[in-house]
Amino acid sequence: MADLASRITKPAEEPAASNTVPEDSIEGANSVGLVESSYDVEVKLADLQNDTDSPLYSVTSFDQLGLPSQINDGLLAMNFKKPSKIQEKALPLMISNPPTNMIAQSQSGTGKTAAFVLTVLSRVDFTKPEQPQALLLAPSRELARQIQGVIQTVGQFCDNLKVEAAIPGAVSREFGVKASIVVGTPGTVMDLVRRRQFDVSQLKVLVIDEADNMLDQQGLGEQCVRVKGMLPKTIQILLFSATFPDKVYNFAKKFAPNANEIKLRHQELTVKGISQMYMDCPDEGKKYDILCKLYGLMTIGSSVIFVRTRESANEIQRRMEEDGHKVSALHGAFEGANRDALLDDFRSGRSKVLITTNVLARGIDVSSVSMVINYDIPMKGAGDREPDSETYLHRIGRTGRFGRVGVSISFVYDKKSFDALSYIANFYGIDLIQLSPDDWDETEKKVQDVIKSSRARPEYAPNALGN
Ligand SMILES: Nc1ncnc2c1ncn2[C@@H]1O[C@H](COP(=O)(O)OP(=O)(O)OP(=O)(O)O)[C@@H](O)[C@H]1O
């Protein structure tokens with residue numbers, strides 16, 4: 001990556017500040033080495049679980065976890081043969097009694113969802129199907145719906161399983177929440193509780209997925225704190241994410257006191273199956289032409305193009321369609337049902353190229369995604385001056401899920417974007433592969449070599465985990 005930084009000979013002018021607003025952390029509005037044996041996952045056990053020789057610490061098959069048989073049947077139906085490391089390490093701690101809080105970090109696409117879903121299912125009393133007992137919070141309606149789907153699939157053999165999504169427009173005003181498990185976005189959950197449409201008095205577990213994003217005081221943090229304030233004081237709190245910047249981590253420890261912790265160093269966070277590349281674009285205007293040239297490669301699998309604003313998502317979609325390409329755009333300005341339909345089309349492969357904002361940067365699991373394009377390098381802070389390393393990692397993690405391979409291509413074109421990508425690469429210790437817009441044969445070869453092998457044997461397979 002020193003290479004990338006040293007390529008800047010003459011600082012380009014800073015682009016004029018855009019007056020369009022980046023789409024981050026707006027609720028509904030309106031995925032290396034986890035599996036490498038050398039992986040150094042630091043497990044800090046809380047008082048109850050501090051013996052690394054304990055059977056709770058090391059579990060090699062789902063059977064050994066003592067989960068109810070109907071849950072194991074669900075895992076079998078999903079063809080989950082062996083737990084991933086995070087599942088192996090976190091599950092015994094989370095399902096043990098008395099319940100203990102958890103702060104868990106593991107790379108994108110390594111099965112954090114099943115880890116917390118199994119915990120939730122193991123805690124629910126299915127004889128009370130309409131009494132809310134578990135609440136799961138996620139930053140977007142798409143992720144909430146996805147988690148709801150995973151619960152329904154893993155729990156398909158649990159009699160009386162009722163899961164409801166507390167996302168805008170989903171809960172009946174007349175009846176309120178009538179399910180034992182509720183997955184929602186924080187603003188909607190807060191409204192439902194306030195309107196007394198969601199009885200939280202018997203909740204036993206609170207899961208916060210993408211917890212660093214959800215607890216960030218610049219974003220959804222305040223809402224999550226308010227929701228927690230409405231819940232029983234004894235509730236078990238489980239916080240999950242691939243990233244936990246120090247500042248948020250310190251707050252997370254207060255939010256989930258005395259928690260067990262599974263933490264990674266940032267150099268351990270990148271997923272080896274993702275080949276990270278960058279395209280050196282001559283200027284901002286040429287980014288679009290380069291994107292169109294990449295289009296053929298993008299449709300080999302499915303791909304996601306991340307842009308900074310809703311406006312540029314719309315604009316790129318419009319131009320690409322005019323140029324005869326078939327692409328979809330999804331962002332927070334679309335109405336809920338439309339968003340759901342767009343993502344369903346993408347999941348099923350009916351649409352193959354999705355242009356989106358940070359609203360879909362986190363958690364979305366579509367295994368066919370073989371390429372992610374950072375059309376704009378993710379930035380954060382006042383005036384978008386700071387490189388957003390966390391969002392970069394989540395965005396590229398939409399490919400390379402659970403042992404698959406994929407490519408990410410980040411577009412740079414001026415000093416600011418070069419410096420930002422350099423910073424991110426140094427932060428994670430990544431060696432980025434350079435692509436040249438002047439040598440398309442070479443570019444195609446580099447990209448195709450990876451994505452054509454995406455069906456090849458994964459670099460790490462489930463049965464290689466947990467050693
Ligand atoms: N034990 C397992 N065996 C096989 N596949 C699994 C297993 N656990 C999870 N998976 C699959 O791995 C994929 C990624 O899982 P998941 O979406 O939970 O990742 P994640 O860690 O939450 O990622 P992110 O940080 O991006 O949210 C999913 O398609 C899931 O079905």
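Indexing begins at 1, ligand by ligand and atom by atom, following the structure's order. All values reported here derive from a predicted model rather than from experimental measurement.
Residues that satisfy the ring-ring contact (aromatic ring centres under 6.0 Å, His included) test with Phe157, not counting sequence neighbours, are absent from this structure.
For His394, the heavy-atom gap to ligand 1 stays at 4.0 angstrom or more. Using a 4.0 Å cutoff on heavy atoms, Gly109 counts as a contact of ligand 1. The shortest heavy-atom distance from Phe62 to ligand 1 is under 4.0 Å. Remark: distances from the non-hydrogen atoms of Met78 to ligand 1 are all 4.0 Å or more.
In this structure, Lys82 fails the cation-pi test against Phe62, since its NZ or CZ atom is not both closer than 6.0 Å to the six-membered ring centre and inside 45 degrees of the ring normal. Seen from the ring of Phe346, Lys352 does not count as a face-on cation partner, given the 6.0 Å and 45° thresholds. Judged by the 6.0 Å and 45° rule, Lys263 forms a cation-pi pair with Tyr249.
Remark: Gln156 CD is packed, more than 12 non-hydrogen atoms of other residues, nucleotides or ligands lying under 6.0 Å away.
Of all atoms in ligand 1, listed by their number and element, those nearer than 4.0 Å to a heavy atom of Glu210 are 27 (O). Of all atoms in ligand 1, numbered sequentially from 1 with element shown, those under 4.0 Å from a heavy atom of Gln107 are 21 (O). Shown in contact with Thr110 at under 4.0 Å from a heavy atom are these atoms of ligand 1, numbered in order with element: 19 (O), 20 (P), 21 (O). Close approach of ligand 1 to Arg398 is summarised as follows: ligand atoms under 4.0 Å from at least one heavy atom of the residue are 26 (O).
Looking only at side-chain heavy atoms (C-beta outward), Thr100 and Leu93 stay at 4.5 Å or farther from each other.
Residue contacts with ligand 1 for Phe116 are absent, since no atom lies close enough (heavy atoms, distance under 4.0 Å). Residue-level proximity to ligand 1 for Arg362 is absent, since no heavy atom of it falls below 4.0 angstrom. At a 4.0 Å heavy-atom cut-off, ligand 1 touches Arg401 through the side chain alone. Of the heavy atoms in Asp365, only side-chain atoms (C-beta onward) come closer than 4.0 Å to ligand 1.
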Check the pair Asp344 / Arg145 against salt bridge (charged side-chain N to carboxylate O under 4.0 Å, His left out), numbers first and verdict last. CA-CA 11 Å; Asp344 290 348; Arg145 284 182 77 229; 3.5 Å; yes
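The heavy atom nearest to atom 16 (P) of ligand 1, out of those in Leu143, Thr243, Thr113, Val366, is found in Thr113. Taking only non-hydrogen atoms, the option from Arg404, Lys112, Gln105, Lys82 nearest to atom 21 (O) of ligand 1 is Lys112.
Residue pairs meeting the salt bridge (Lys or Arg N to Asp or Glu O under 4.0 Å) criterion with at least one member in residues 353-362, sequence neighbours excluded, are Glu210-Arg362, Asp212-Arg362.
The nearest pair of heavy atoms linking Val369 to Thr399 is O-OG1, 2.6 Å.
Residue Phe80 has no nitrogen or oxygen atom sitting less than 3.5 Å from a nitrogen or oxygen atom of ligand 1, judged on distance alone.
Note: Tyr423 and Phe427 have parallel aromatic rings, judged against thresholds of 30 and 60 degrees for the angle between ring planes.
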